[in-house]
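Take a look at the structure below.
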Amino acid sequence: MNCIITGASRGIGAALARELARKNVSRILIASRNESSLNSLKNSLNEQYPDTDVLVLPVDLSSDKDTGRLVVFAAEHMDRLDLLINNAGAMVKKPFDQSLSVDIESVFRVNYFAPSLLISRLMPLLLRSERAHVVNIGSMGGMQGTKKFPGLAHYSASKAALAVLTECLAEEYKSTSIHFNCLALGAAQTEMLSEAFPGYRAPVSAKEMADFIADFALQGARLFNGKILPVALSTP
Ligand SMILES: NC(=O)c1ccc[n+]([C@@H]2O[C@H](COP(=O)([O-])OP(=O)(O)OC[C@H]3O[C@@H](n4cnc5c(N)ncnc54)[C@H](OP(=O)(O)O)[C@@H]3O)[C@@H](O)[C@H]2O)c1
């Protein structure tokens, strides 16, 4: 099984790579900006799970050029793509009336543009899988009717866009072998959560959240397509 995880240098993405290697996924491409963290994770996984081939690509997903590099790299190393987990996430916490266009753009570039471009450009590889699963990592803040928090308007709106994109793609590609789902996460203890809610302690660790996502990524496409699923004990 070939898998790509974006945003795997720390937090939920790093724990997810570890859990998928433990579950014998044969090739995992991990991508984000911090090359040394990605390489440390690769070395640790190589030692613990020698049967999993871990590929590292440092990319800044706010750049279309880097998103393109990721697609080319994947095509060079994979004959098909079975699992794409769009986990990388960017957050800017600022009062709405102080947010600059650069803040809005940086959040939407990573949280919405990059997953969209990756899915579209990786489509030929996804279509070569007998059953591909695209898992978009959303947020409870991006679901209608949930509790909202000041300063997180653009972050939440970007996750709402990603969630609706998931529903649209499931419809547009329903005749293919690709299934698309969005997991709307509640609080898990990571750097992003600490930045968003200083001093708050989440009831769920990054590893616990990643373990659930890994199970869902491997099994969820059997019975779910086009779903936005809340995965939360708490918000935040
Ligand atoms: N933790 C929570 O409570 C929570 C709740 C709801 C949703 N989520 C979502 O869960 C996902 C994982 O978040 P987390 O809590 O694990 O956050 P985190 O610890 O801050 O990790 C974020 C990851 O995204 C990567 N990333 C950020 N900007 C990037 C860019 N421009 N290009 C490439 N990679 C980039 C980071 O890597 P580099 O710095 O190396 O680039 C890092 O690996 C995110 O989509 C987040 O929105 C988390």
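Counting starts at 1 for both ligands and their atoms, following the listed order. Side chains included, hydrogens not; waters and symmetry mates left out as well; all remaining heavy atoms used.
Heavy atoms of T6 found under 4.0 angstrom from ligand 1: none, in either backbone or side chain. With a 4.0 Å heavy-atom cut-off, ligand 1 is reached by the backbone of A8 but not by any atom from C-beta on. Contacts of N34 with ligand 1, taken as heavy-atom pairs under 4.0 Å, involve both backbone and side chain. When non-hydrogen atoms are compared, ligand 1 lies under 4.0 Å from the backbone of L61 as well as from its side chain. Contacts between K159 and ligand 1 below 4.0 angstrom, taking non-hydrogen atoms only, involve the side chain exclusively.
Although no hydrogens or angles enter the test, the distance criterion places no donor-acceptor pair under 3.5 Å between the side chain of D53 and the main chain of S26. The main-chain N or O of F180 is found under 3.5 Å from a side-chain atom of N225 such that the two form a donor-acceptor pair. With hydrogens and angles disregarded, no donor-acceptor distance shorter than 3.5 Å links the side chain of S32 to the backbone of L38. With hydrogens and angles ignored, the 3.5 Å screen pairs a side-chain donor or acceptor of N87 with a backbone N or O of T6. Listed for the N43 side chain is a donor-acceptor partner under 3.5 Å among the backbone atoms of N39. Side-chain N or O atoms of R128 include none that pairs as donor or acceptor with a backbone N or O of D82 at under 3.5 Å.
For ligand 1, the atoms lying closer than 4.0 Å to a non-hydrogen atom of Y155 are 6 (C), 7 (C), 8 (N), 9 (C), 46 (C), 47 (O). Ligand 1 places these atoms under 4.0 Å from at least one heavy atom of V59: 32 (N), 33 (C). Short contacts between ligand 1 and S32, defined as distances under 4.0 Å to a heavy atom of the residue, involve ligand atoms 33 (C), 34 (N), 37 (O), 38 (P), 40 (O), 41 (O). Atom numbering of ligand 1 starts at 1 in the shown order; those under 4.0 Å from a heavy atom of V110 are 31 (N).
Taking 4.0 Å as the cut-off, P58 does not count as a neighbour of ligand 1 on heavy-atom distance. Look at A206 and you'll find every heavy atom at least 4.0 Å from all atoms of ligand 1. Ligand 1 lies less than 4.0 angstrom from a heavy atom belonging to G138.
Among protein heavy atoms, atom 31 (N) of ligand 1 sits closest to D60 OD1, 2.9 Å. For atom 19 (O) of ligand 1, the closest non-hydrogen atom of the protein is R10 NE, 3.4 Å. Shortest contact from atom 3 (O) of ligand 1 to any protein heavy atom: A188 N, 2.8 Å. When only non-hydrogen protein atoms are considered, atom 44 (C) of ligand 1 lies nearest to N87 O, 3.1 Å. Among all protein heavy atoms, the one lying closest to atom 6 (C) of ligand 1 is L185 O, 3.2 Å. Considering only non-hydrogen protein atoms, atom 43 (O) of ligand 1 sits nearest to S9 OG, 2.8 Å. The protein atom (non-hydrogen) at minimum distance from atom 28 (N) of ligand 1 is R33 NH2, 3.3 Å. In terms of protein heavy atoms, atom 10 (O) of ligand 1 is closest to I137 CG2, 3.4 Å.
When all heavy atoms are compared, the tightest approach of A31 to V59 is CB-CG2, 3.7 Å. In this structure, S62 and R109 approach most closely via the heavy-atom pair O-CD, 3.0 Å. The two residues S44 and R18 have their closest heavy-atom pair at OG-NH2, 2.7 Å.
The closest non-hydrogen atom to atom 27 (C) of ligand 1, taken over G7, A88, G89, A202, comes from G89. Looking at A232, G186, A187, it is G186 that brings a heavy atom closest to atom 4 (C) of ligand 1.
Within the 6.0 Å centre-distance limit, the rings of H154 and F96 are counted as a close aromatic pair.
Taking the ring axis of Y49 as reference, the NZ or CZ atom of K23 does not stay both within 45° of it and closer than 6.0 Å to the ring centre.
At least one N or O atom of I12 sits closer than 3.5 Å to an N or O atom of ligand 1. Backbone and side-chain nitrogen or oxygen atoms of M140 are examined, and none is located within less than 3.5 angstrom of a nitrogen or oxygen of ligand 1.
Taking NZ of K42 as the reference point, atom CG of L55 lies at 6.5 Å (rounded to 0.5 Å). Going from atom CD1 of I119 over to atom CG of L126 covers 8.0 Å, rounded to the nearest 0.5 Å.
Taken together through direct or relayed side-chain contacts under 4.5 Å among Ile, Leu, Val, Met, Phe, Trp and Tyr, M78 and L84 form part of one hydrophobic cluster.
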